[in-house]
Each structure stands twice: as C-alpha cells, then as structure tokens.
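Below, chain A is the first sequence line, B the second, and so on; all start at residue 1.
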Amino acid sequence: MSAEHRSLGTLEDFTIELDVYSGPYQGLLALILKDELEIFEVSLRELITLYQSAYEVPEASANIPGTLERDTNFVDSATSLLLLKGRALTPTPETGGEEADEGLFSPQNLEERLLSYLKIRRGAEALEERFAKNTGFYPSSHNLRPRRGNLRVPPNRLTVAMRRIVSRMTEPEVRHLGPITVTLGELVTLIRASLTRGPLSFEDLICDMDRLRSAVAFAATLSLASEGRLILSQPEPFGPLTLEPVK
Amino acid sequence: MNTSVRKCAHERDALSATAVIEAILLVSSRPVTLSVLLSVTKLPEPKVRAAISKLKKNYSLEASGIVLREVAGGFQFATNPLCADVLERFRQEDRPSPLSGAAYEVLACILYLGPLTRADINVARGVNSDAVVRNLLDRNLLAEVGLAKGRAGTPALLDITEDFILAAGARDRDDFPTLEALVGPEEIARLRERVHGQTGERSVEDRSGGDR
C-alpha cells in the first residue's frame, strides 16, 4: 500500500494504492457505491493509515484554512464506509415476521451460522496457502491447432454461451439523473472554438463549469482526441491535461 | 499396413516410452490424463506408468527447470517455480494480482458446498458476494455449469473449474481436506462457549443428544 505524500491539498487530490484499487480516493468510493468493488476487499484501517501518511503536516501549518474541512470530509466518508461494512455484515432475515427474527438471532441459530462460517473461513485460509504454494508453475505455451472436425466443445459450455448471447442486459437505473442541461455537441463546439486561440489546459477549460459540465467536457475532449481532432497530453498519471489543436 | 505407417511404427518403437510421453506432455498446455496417454501411445499401462515415474525423477523441483506435475486428473509439464521471477522478466509479464480473502471464501464455499447459486453464496457468507463472483468468473476459477431448476428465476449454478484445480495444484476435487478436518474440536468448543456462555443455552449437539 502507498499514498502520494503531500503536506496540503484537498480530498480530491488524495490518491491511494491498495491491492484491489489504485487511483483517486473518490474513485474508490464511487466503485464501492456502484457495487463494482466489494467493501470487504478494502481495509479501512489501511485507508486511514494512508490518509494520515499523506496529510501529515507540521504543527506550524496545522491552522491553514481548508485542512479542517478536508479532514472532516475524510472522517465523514470513512464513517459511511464503516457503517456500510457494518450493515453488510449483519445477517439479513430471509423470512419476515417477529417469530422468524427471534429464531434467526437465537443462540442456536447464531452458533450454527458461526460454525458454518468458521469452517468456510478455515477452508479459505487452507486454499490461500495452497494457491500460494502453487504459484509460479507456467505450463507449455505450445498449443497445437485441433484437427479439422476434431474440436470437441462440451454441450453445457455451448448452452451457457448461447444463454449469454441471447440474454437481455438489465437496463441501468437512471431515474436519479436530472434533466439534460448540457450536450456533448455544445461542449465539442466550445472546445473547438477555444482551441483556435492555441493550446489550452483542461483546468482552464472547466474552471467556470459545474460538475456535470466538467464531466461532459471531459467526455467531449476524449471523443475529439480519439477522432484525431485534437492532441491530448498528460505528462504523468493524474497530472494536468493539455489540449492542443492539430496542425 | 502401408509403408509410411509401418515406417512411423518402426520409428516410434525405436524411441523409448519415456521419450514419447515426454514429447506428448511437452506440446500439451493442459494436463493429459493417463487414459489419453494410453490411447494415444498404444503402450501397455505398466510401461506408461514406469515412464511417468522416470520422468517425475528427471523433472523434479531439485533437478530441472521444468517439472512434471500430477494435477487436475492428469500430468503436465510446467516451469519450476524457482525460475518464475526470471521468466516473468523474460516475458515482461506481471504475476496476476493475488486473490482477496473474500475471493478465497467464495471459492471455499463452492468447493465444499457447490455447485451453488449466487444467492446461496451470499447466504453462506452472510454478505453480498456478487462483485467477488464476477472477478472469479473473469479469472476462469469459477464457471456457470447449469441452472437451478425449480428455484424462482432458475438462477445459474456456479462451480469450480479445471483452472481452479490447477491453481490449487490438486489432483481432483477430492484432493482437499474436508471442512470438518479444518476446524479442530477445541476451536468449536471455544465458539460454543462464547455463544452460550452468557446465555446458559445448550448447544445444537447438546439439544439433539438430549432429544434422543
């Protein structure tokens, strides 16, 4: 684990490197909220240690404005993560009613559940040890092509593959999104107009924009760069972005 | 028998069984079972077994950069793990990132209780494991093997794959200790004491014993 060390800054600048995630802290929060990353994969203790090492400030500069706000925001988000983890750990009753709840949380039930989980946990530890002992064995890379008409595919794999092809993807929930107030086309026009005056920093481009417009501006920039209509340069990961017109 | 077939048979006879099996294993990236070796080489079983024993000695961890592994129900040549760092440098490849504790728990659930649906895994672990399952499917350590017919929505059943058996270096599914063997009686007694110590309730076993 590591965190970029800096004496000051905002929570937006806080980047982390964990086994399961590397990037901005706020990106980690977004992934957890979108269920893309399981909260159990993230050690909250590690996160707090990273934060402390990243923003360790000398006592003289401890009163610099913004520090308290940043720390408060971090504590707020870390507390939410803790709450989320705690809630996820609480067993969910499968059937409703007080009687069911009583049975579910009875000592006998708790013993059964804990014993079953303990076995799984020990099984997982044994597996981890076994996997670690068996890493580093690389098999031959030489793959002969199967003879024509000799390729055998198990029927169950075909069934699963077909099911994946014909199954309909679930439509994502979009009710929480507000009305569209800005379009990609508008931002493309704006960027192209700004580039007529020469190279432009992305920060300057979005300095007067709200979060939504900034996000759409970023999408528009990437779109223009992929089409070769502008040159996008970034000297280092998470460093400043510069937009240059194509000559 | 035409001339070319006779010539091939003659050439093969000139080679030892060890050499033939060595060549077959070299070109196979997946483990080759004994029955496949027998049917391909047309050699008698004792001869094939003797050849495999000889190859095991020649390709041991101490003797060679290549080792003969008995995994996933077959035999496979693989590089010696002591050479892994050099090979990764040579191929400019990173070792896959290690699995998380949650991932090992999901694998243990399916290995010991499987095949299971995603909901079964969530119940066994007491938490939502969908993201972990997705990652394990991507890594080909788990696969959908069928449908739980008779259950609402006929959810997919998940089971471990040959890649899982290979990664664990196991011969087959039975080559793992039982769940009961992993938890000692002292640990179980400690757990029961913690649960029932304060309430004075009898444990599940005590109750079932009493009922009898």
Side-chain angles (χ1 to χ4, degrees), chain A residues 19-20 31-32 34-43 85 87-92 94 106-144 154 156-157 159-161 163-164 167, chain B residues 25-30 67 69 76-85 87 95 97-102 104-105 107-109 111-112 123-132 143-146 156 166-170 176-177 179-180 182-183 187-188 191-192 195-196 199 201 203-204 207:
Chain A
D19 285 342
V20 291
L31 285 178
I32 290 172
K34 278 164 55 185
D35 276 341
E36 293 287 326
L37 185 69
E38 210 192 10
I39 180 108
F40 300 100
E41 308 241 9
V42 181
S43 161
K85 206 168 188 174
R87 276 190 188 155
L89 274 170
T90 313
T92 319
E94 283 149 44
S106 69
Q108 284 75 33
N109 187 281
L110 186 63
E111 179 192 313
E112 276 172 29
R113 287 181 78 110
L114 283 176
L115 191 56
S116 151
Y117 178 72
L118 181 67
K119 286 176 181 173
I120 294 294
R121 184 69 230 143
R122 292 287 171 270
E125 283 164 9
L127 270 184
E128 187 169 359
E129 207 173 293
R130 201 160 176 158
F131 270 55
K133 214 184 275 179
N134 283 284
T135 49
F137 286 103
Y138 294 119
S140 159
S141 323
H142 191 123
N143 269 320
L144 291 180
N156 62 332
R157 288 195 66 184
T159 314
V160 170
R163 208 169 138 249
R164 278 192 183 152
S167 64
Chain B
L25 294 178
L26 180 73
V27 295
S28 177
S29 58
R30 312 297 296 179
V67 288
R69 305 176 79 202
Q76 182 189 46
F77 271 142
T79 57
N80 191 324
L82 296 173
C83 308
D85 289 340
L87 290 177
R95 202 171 284 195
S97 56
L99 294 173
S100 64
Y104 282 114
E105 276 187 24
L107 289 175
C109 282
L111 171 68
Y112 289 107
V123 169
R125 290 189 60 225
V127 292
N128 187 314
S129 309
D130 290 353
V132 184
E144 290 183 2
V145 291
L166 278 172
F176 291 91
L179 271 185
E180 279 64 33
L182 291 167
V183 185
E187 205 169 8
I188 295 175
L191 184 140
R192 286 190 174 132
V195 174
H196 298 281
T199 59
E201 293 263 1
S203 70
V204 176
R207 278 184 296 119

Flag side-chain contact, heavy atom, 4.5 Å: B:Leu99 against A:Glu128: no

Considering only heavy atoms, which portion of B:Asn80 lies under 4.5 Å from any heavy atom of chain A: side chain, backbone, both, or neither? backbone

With chain A, which of B:Leu191, B:Val145, B:Leu25 has the greatest number of heavy-atom pairs at distances under 4.5 Å? B:Leu191

For B:Glu105 and A:Tyr117: C-alpha separation, side-chain torsions, deciding distance, then whether side-chain contact (heavy atoms from CB on, under 4.5 Å) applies. CA-CA 9 Å; B:Glu105 276 187 24; A:Tyr117 178 72; 2.6 Å; yes

Look up atom OH in B:Tyr112 and atom NZ in A:Lys119, then write down how far apart they are to the nearest 0.5 Å. 12.0 Å

Please classify the contact between B:Ala170 and chain A as side chain, backbone, both or neither, with a heavy-atom cut-off of under 4.5 Å. both

Counting neighbours of CD on B:Glu187 that are heavy atoms of other residues, nucleotides or ligands and sit closer than 6.0 Å, is the number greater than 12? yes

State the CD1-CG distance between A:Ile120 and B:Leu179, to the nearest 0.5 angstrom. 5.5 Å

Using modelled atom types and a 3.5 Å cut-off, is there a donor and acceptor pairing between side-chain atoms of A:Arg122 and backbone atoms of B:Val183? no

Between B:Ala167, B:Gly101, B:Cys109, B:Pro98, who has the most heavy-atom pairs with chain A when the cutoff is under 4.5 Å? B:Ala167

To the nearest 0.5 Å, tell me how far B:Glu144 CD sits from A:Arg163 CZ. 5.5 Å

Tell me, side chain or backbone of B:Leu87 under 4.5 Å from chain A's heavy atoms, or both, or neither? side chain

Cation-pi, A:Phe137 ring and B:Arg69 (6.0 angstrom, 45 degrees): yes

Comparing A:Arg130, A:Lys133, A:Glu125 against chain B, the one with the most heavy-atom pairs below 4.5 Å turns out to be A:Arg130

Heavy-atom closest pair, residues A:Pro139 and B:Ser29: CB-O, 3.7 Å

Just how far is it from atom CD1 of B:Ile188 to atom CG of A:Leu118, taken to the nearest 0.5 Å? 7.5 Å

Contact origin within B:Leu82 toward chain A - heavy atom pairs under 4.5 Å: neither

Flag side-chain contact, heavy atom, 4.5 Å: B:Arg192 against A:Leu115: yes

Pi-cation contact, B:Tyr104 with A:Arg121 (under 6.0 Å, within 45°): no

Taking every non-hydrogen atom, the tightest pair across B:Ala108 and A:Gly123: CB-C, 3.9 Å

